[in-house]
Amino acid sequence: MSDVYAHPSTDAQPAADLLAGYTTLRLGGPAGRLVTAVSAEEIVQKVQQAQLQGEPVLVLAGGSNVVIGDQGFPGTVVLVRSRGLRVLTEDADTVTVRVEAGEPWDDFVAATVANGWSGVECLSGIPGSAGATPIQNVGAYGQEVAETITGVQVYDRTDGSVGQVDAADCGFAYRSSIFKYSDRWVVLSVDFRLARSPLSGPVRYAELARSLGVEVGGRVPLADARSTVLRLRAGKGMVLDADDPDTWSVGSFFTNPVLDREAYELLRERAADLGEPPSWPCPGDMVKVSAAWLIDKAGFAKGHPGPEGTAISSKHTLALTNRAGGTSTAALVGLAREIRDGVHSRFGIPLHPEPVLINCTL
Ligand SMILES: Cc1cc2nc3c(=O)[nH]c(=O)nc-3n(C[C@H](O)[C@H](O)[C@H](O)COP(=O)(O)OP(=O)(O)OC[C@H]3O[C@@H](n4cnc5c(N)ncnc54)[C@H](O)[C@@H]3O)c2cc1C
């Protein structure tokens, strides 16, 4: 199992412990207190303790989808470091697996591929923990976890109970769920139902299908899907690499805007000189448009520099990087603001951040 998280060696950390050491952006001021929880029971215990002491609590796992302000977090930060997975039920066609919240997501995906369990292979290479995947309904290359999650075991901070939120009640939507921006639930583990199959699910993403040499909708051996996704992601700086500052990011900084038909037609008019904006149909006659395209066409190319050594990744227009490694969160947010405002004034479309902003605003 990979050791992908930075680990404090003891529970009580000095107040000056910078959260920058626990985020993939390498940004974030001091934590009031940092504690580590290595099991579901410990997660509950440590969140309860902090609550009893009247302290604000931040649950942090891989730190790959947070932007933490330079002031840090003036309460208890609970680092989720529980590990493990176990089969709950199985039959000839499916297997239901429970994964502890702190299990590194990509270790889990690798295990599913090795075991011949199909359903999350296109989500290879996404950083962070299994427990955070329901938070924003993690997705990539035509798959999202909403398709395979059956239930999420949670600690409910409002009444101190431990229970399950069934998938149907998770409010899964594009990069969203009831858990995102809510302090109510702490995810302890997640159940996934996967197909027993040596083949991937139908490949839905055109670029992936092309790279695999199949038609959209075709299936390929699980290991091929995984290795091709990993290769495509690495080429875009979307697999963490300590030596590649293009990956010192939160992945995509903005979500793809989802527009109603009228707003989409307006965009097409405003972009008439630029060709057809890339788009995908969504339920309810909505249209999802590419944030990367909007950003690029608004004049922010790959590598576009921001203040204090921040920059758009040289490999992907949607990733904002702290490539100098010592920059302030204020500088990164400044770059994000410049891009958001530039896209708005060119196309009239508001961009929204994908990561969770903690003690900072855009
Ligand atoms: C290079 C790169 C590529 C990426 N590519 C993708 C991608 O393709 N698709 C995609 O969807 N995302 C992508 N991401 C974003 C990120 O990896 C995912 O959102 C991931 O699931 C975050 O996991 P984490 O453990 O790092 O969460 P953290 O950053 O630690 O936390 C994120 C949020 O979830 C909350 N949280 C975390 N764990 C728990 C828990 N156990 N209980 C309650 N709340 C919790 C935190 O409080 C915070 O609000 C990428 C990020 C990077 C850096």
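For ligands, and for the atoms within them, numbers begin at 1 and follow the listed sequence. The structure displayed is predicted, hence computed values, not measured ones.
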Visitor: Checking side-chain polar atoms at under 3.5 Å, does T329 have a donor or acceptor matched by the opposite partner on D70?
Guide: yes
Visitor: Just heavy atoms, cut-off under 4.0 Å: does N65 contact ligand 1 by side chain, backbone, both, or neither?
Guide: both
Visitor: Using a 4.0 Å heavy-atom cut-off, which part of W105 comes near ligand 1: side chain, backbone, both, or neither?
Guide: neither
Visitor: Using distance alone, determine whether Q136 and ligand 1 share an N or O pair under 3.5 Å.
Guide: yes
Visitor: Is it the case that the side chains of R184 and S182 hold a donor-acceptor pair, with the cut-off being a distance below 3.5 Å and no angle test?
Guide: no
Visitor: Do T327 and N322 have a side chain donor and acceptor closer than 3.5 Å?
Guide: yes
Visitor: Could an N or O of ligand 1 be found under 3.5 Å from any N or O of G128, whether backbone or side chain?
Guide: no
Visitor: Using a strict cut-off of less than 4.0 Å between a Lys/Arg side-chain nitrogen and an Asp/Glu carboxylate oxygen, indicate whether K297 and D273 qualify as a salt bridge.
Guide: no
Visitor: Does R193 CZ have over 12 foreign heavy atoms under 6.0 Å away?
Guide: no
Visitor: When only distance counts, is I135 in polar contact with ligand 1, meaning an N/O pair under 3.5 Å?
Guide: no
Visitor: Should the proximity of V138 to ligand 1, defined as any heavy atom under 4.0 Å, be assigned to the side chain, the backbone, both, or neither?
Guide: both
Visitor: At a 4.0 Å threshold, what atoms of ligand 1 neighbour a non-hydrogen atom of G62?
Guide: 24 (P), 25 (O), 26 (O), 30 (O)
Visitor: Hey, is A61 touching ligand 1 through its side chain, its backbone, both or neither, going by heavy atoms under 4.0 Å?
Guide: both
Visitor: Taking 4.0 angstrom as the limit and counting only heavy atoms of I126, give me the atoms of ligand 1 inside it, by number and element.
Guide: 6 (C), 7 (C), 8 (O), 9 (N), 13 (C), 17 (O)
Visitor: Do the rings of F108 and F192 sit parallel, tilted or perpendicular, given the 30° and 60° boundaries?
Guide: tilted
Visitor: Closer than 4.0 Å to some heavy atom of V186 - which atoms of ligand 1 meet that?
Guide: 42 (N), 43 (C)
Visitor: Could you tell me whether K180 approaches ligand 1 through its side chain, its backbone, both or neither, with non-hydrogen atoms closer than 4.0 Å?
Guide: neither
Visitor: If you measure from the Lys or Arg side-chain nitrogens to the Asp or Glu carboxylate oxygens, is any gap between E207 and R210 under 4.0 Å?
Guide: no
Visitor: List ligand 1 atoms under 4.0 Å from E354, heavy atoms only on the residue side.
Guide: 12 (N)
Visitor: Would you say ligand 1 has an N or O under 3.5 Å from any N or O of T247?
Guide: no
Visitor: Just by modelled atom types, is the G119 backbone N or O under 3.5 Å from a matching donor or acceptor in the E121 side chain?
Guide: yes
Visitor: For D191 and T96, run side-chain hydrogen bond (donor to acceptor under 3.5 Å, both in side chains): C-alpha distance rounded to whole Å, both residues' side-chain angles, the deciding distance at 0.1 Å, then the answer.
Guide: CA-CA 7 Å; D191 294 348; T96 301; over 6 Å; no
Visitor: Which option out of A234, G139, A140, P134 puts a heavy atom nearest to atom 9 (N) of ligand 1?
Guide: G139
Visitor: Could you establish whether W185 and ligand 1 come within less than 4.0 Å of each other, counting only heavy atoms on the residue side?
Guide: yes
Visitor: Tell me, please: is R233 in heavy-atom contact with ligand 1, that is, under 4.0 Å?
Guide: yes
Visitor: If you measure every N/O of N137 against every N/O of ligand 1, is any gap under 3.5 Å?
Guide: no
Visitor: At under 4.0 Å between heavy atoms, which part of V250 makes contact with ligand 1: side chain, backbone, both or neither?
Guide: backbone
Visitor: With nothing but distance in play, are any N or O atoms of V187 less than 3.5 Å from an N or O of ligand 1?
Guide: yes
Visitor: Atoms of ligand 1 less than 4.0 Å from R175 heavy atoms?
Guide: 11 (O)
Visitor: With a 3.5 Å cut-off and no angle check, do the side chains of E308 and S328 form a donor-acceptor pair?
Guide: yes
Visitor: Distance-only, no hydrogens or angles: does the N137 side chain make a donor-acceptor pair with backbone N or O of S177 under 3.5 Å?
Guide: no
Visitor: Which one of V109, T148, V87, L222 satisfies the side chain to side chain contact (heavy atoms under 4.5 Å, CB included) criterion with W117?
Guide: V87
Visitor: Taking 4.0 Å as the limit for heavy-atom contacts, which would you say applies to V66 with ligand 1: side chain only, backbone only, both, or neither?
Guide: both
